[in-house]
Amino acid sequence: QVRLVESGGGLVQPGGSLRLSCVASGIDFPPSGMGWYRQAPGKQREFVAQIFGGGTTTYQNSVKGRFIITRDNAKDTVYLQMNNLKPEDTGVYYCTQIYSNHWGQGTQVTVSS
């Protein structure tokens with residue numbers, strides 16, 4: 001059974017930082033590519049970042065230079081370090097295995113003063 005469990009969300013002021021984690025089980029973590037998506041209220045889910053098995057990363061333009069996606073293959077975990085957060089980063093953040101229909105339950109990130 002595939003499980004993707006996110007954690008690390010919360011309430012943070014603009015300019016602050018958060019680190020999200022996603023622990024995977026039931027999949028071949030390496031070499032699976034892993035990604036983060038987010039969904040703001042009233043909007044469609046959108047791509048944020050992804051990391052492939054070899055370590056190649058891609059980002060949505062609006063988060064480039066602020067967010068960093070990494071993975072720890074020994075822990076079957078993918079991370080999303082989010083810096084200089086803005087109110088428009090608010091939403092539910094989801095972890096996914098690339099090219100699959102496997103998603104986590106999501107973790108809420110709220111950026112507000």
Side-chain angles (χ1 to χ4, degrees):
Q1 181 181 0
V2 177
R3 290 194 68 201
L4 301 173
V5 181
E6 302 99 332
S7 63
L11 172 64
V12 64
Q13 292 186 342
S17 298
L18 283 174
R19 188 177 81 153
L20 306 183
S21 300
C22 171
V23 180
S25 60
I27 65 173
D28 293 327
F29 188 75
S32 293
M34 302 295 296
W36 287 95
Y37 283 67
R38 66 187 179 190
Q39 188 166 18
K43 295 187 177 181
Q44 290 189 334
R45 192 173 297 188
E46 63 176 5
F47 168 77
V48 176
Q50 64 186 4
I51 183 167
F52 292 93
T56 301
T57 58
T58 58
Y59 297 90
Q60 184 197 109
N61 283 340
S62 70
V63 307
K64 282 182 180 178
R66 300 188 297 123
F67 290 11
I68 302 171
I69 186 171
T70 58
R71 62 190 297 156
D72 185 337
N73 290 337
K75 296 181 179 180
D76 289 353
T77 301
V78 60
Y79 303 98
L80 185 68
Q81 177 67 42
M82 306 187 294
N83 302 317
N84 190 21
L85 282 159
K86 303 176 180 181
E88 51 264 42
D89 295 318
T90 294
V92 179
Y93 282 68
Y94 298 91
C95 173
T96 184
Q97 180 188 18
I98 295 172
Y99 308 133
S100 79
N101 197 31
H102 301 141
W103 295 85
Q105 81 289 350
T107 185
Q108 176 70 46
V109 172
T110 303
V111 185
S112 175
S113 54

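Two residues are said to be in side-chain contact when any heavy atoms from C-beta on lie closer than 4.5 Å; Leu85 and Phe67 meet this criterion. The closest side-chain heavy-atom distance from Val78 to Cys95 is below 4.5 Å. Side-chain contact between Met82 and Arg19 is absent, with no heavy-atom pair separated by less than 4.5 Å. Residues Pro87 and Pro14 have side chains in contact (heavy-atom distance under 4.5 Å, counting atoms from C-beta outward). A 4.5 Å side-chain heavy-atom check between Arg38 and Phe47 finds every atom pair outside the cut-off.
Taken from CE in Met34 to SG in Cys22, the straight-line distance is 4.5 Å, to the nearest 0.5 Å. Atom CD1 of Ile69 and atom OG1 of Thr56 lie 11.5 Å apart (nearest 0.5 Å).
Partners of Arg66 under the salt bridge (Lys or Arg N to Asp or Glu O under 4.0 Å) rule, at least two apart in sequence or in another chain, are Asp89. Checked against side-chain contact (heavy atoms from CB on, under 4.5 Å), Thr70 has the following partners two or more places apart in sequence or in another chain: Ile68, Tyr79. Taking Lys43 as the reference, Ala40 meet the side-chain contact (heavy atoms from CB on, under 4.5 Å) condition, with sequence neighbours excluded. Residues forming a side-chain contact (heavy atoms from CB on, under 4.5 Å) with Ser25 (at least two apart in sequence, or on another chain): Arg3.
Here the shortest heavy-atom pairing between His102 and Leu4 reads O-CD1, 3.4 Å. A pairwise comparison of heavy atoms in Thr77 and Ser21 identifies CG2-CB, 4.4 Å as the closest pair. Across all non-hydrogen atoms, the minimal contact from Glu6 to Tyr94 is OE2-CA, 3.3 Å. Closest approach of Ser17 and Asn83 over heavy atoms only: OG-OD1, 3.1 Å.
For Tyr37 and Trp103, the ring centers sit closer than 6.0 Å to each other.
In this structure, Tyr93 contributes its side chain and Ser7 its backbone to no donor-acceptor pair below 3.5 Å. With Ser32 contributing its side chain and Asp28 its backbone, the two residues share a donor-acceptor pair below 3.5 Å. With hydrogens and angles disregarded, a donor-acceptor distance shorter than 3.5 Å links the side chain of Thr107 to the backbone of Gly9.
By the criterion of side-chain heavy atoms lying less than 4.5 angstrom apart, applied directly or through intervening Ile, Leu, Val, Met, Phe, Trp or Tyr residues, Phe52 is not grouped with Val48; the two fall into different hydrophobic clusters. When the side chains of ILVMFWY residues are joined at heavy-atom separations under 4.5 Å, either directly or via intervening members, Val23 and Val109 end up in two distinct hydrophobic clusters. Hydrophobic clustering keeps Leu20 apart from Ile98 (ILVMFWY residues linked when any side-chain heavy atoms are closer than 4.5 Å, directly or through intermediates).
Judged as a salt bridge (charged side-chain N to carboxylate O under 4.0 Å, His left out), not a single pair has a partner in residues 69-88 (not counting sequence neighbours).
Within the hydrophobic cluster formed by Ile, Leu, Val, Met, Phe, Trp and Tyr side chains joined at under 4.5 Å, directly or through other members, Val5 stands alone, with no partner residue.
Donor-acceptor pairing under 3.5 Å is recorded for the side chains of Gln50 and Thr58.
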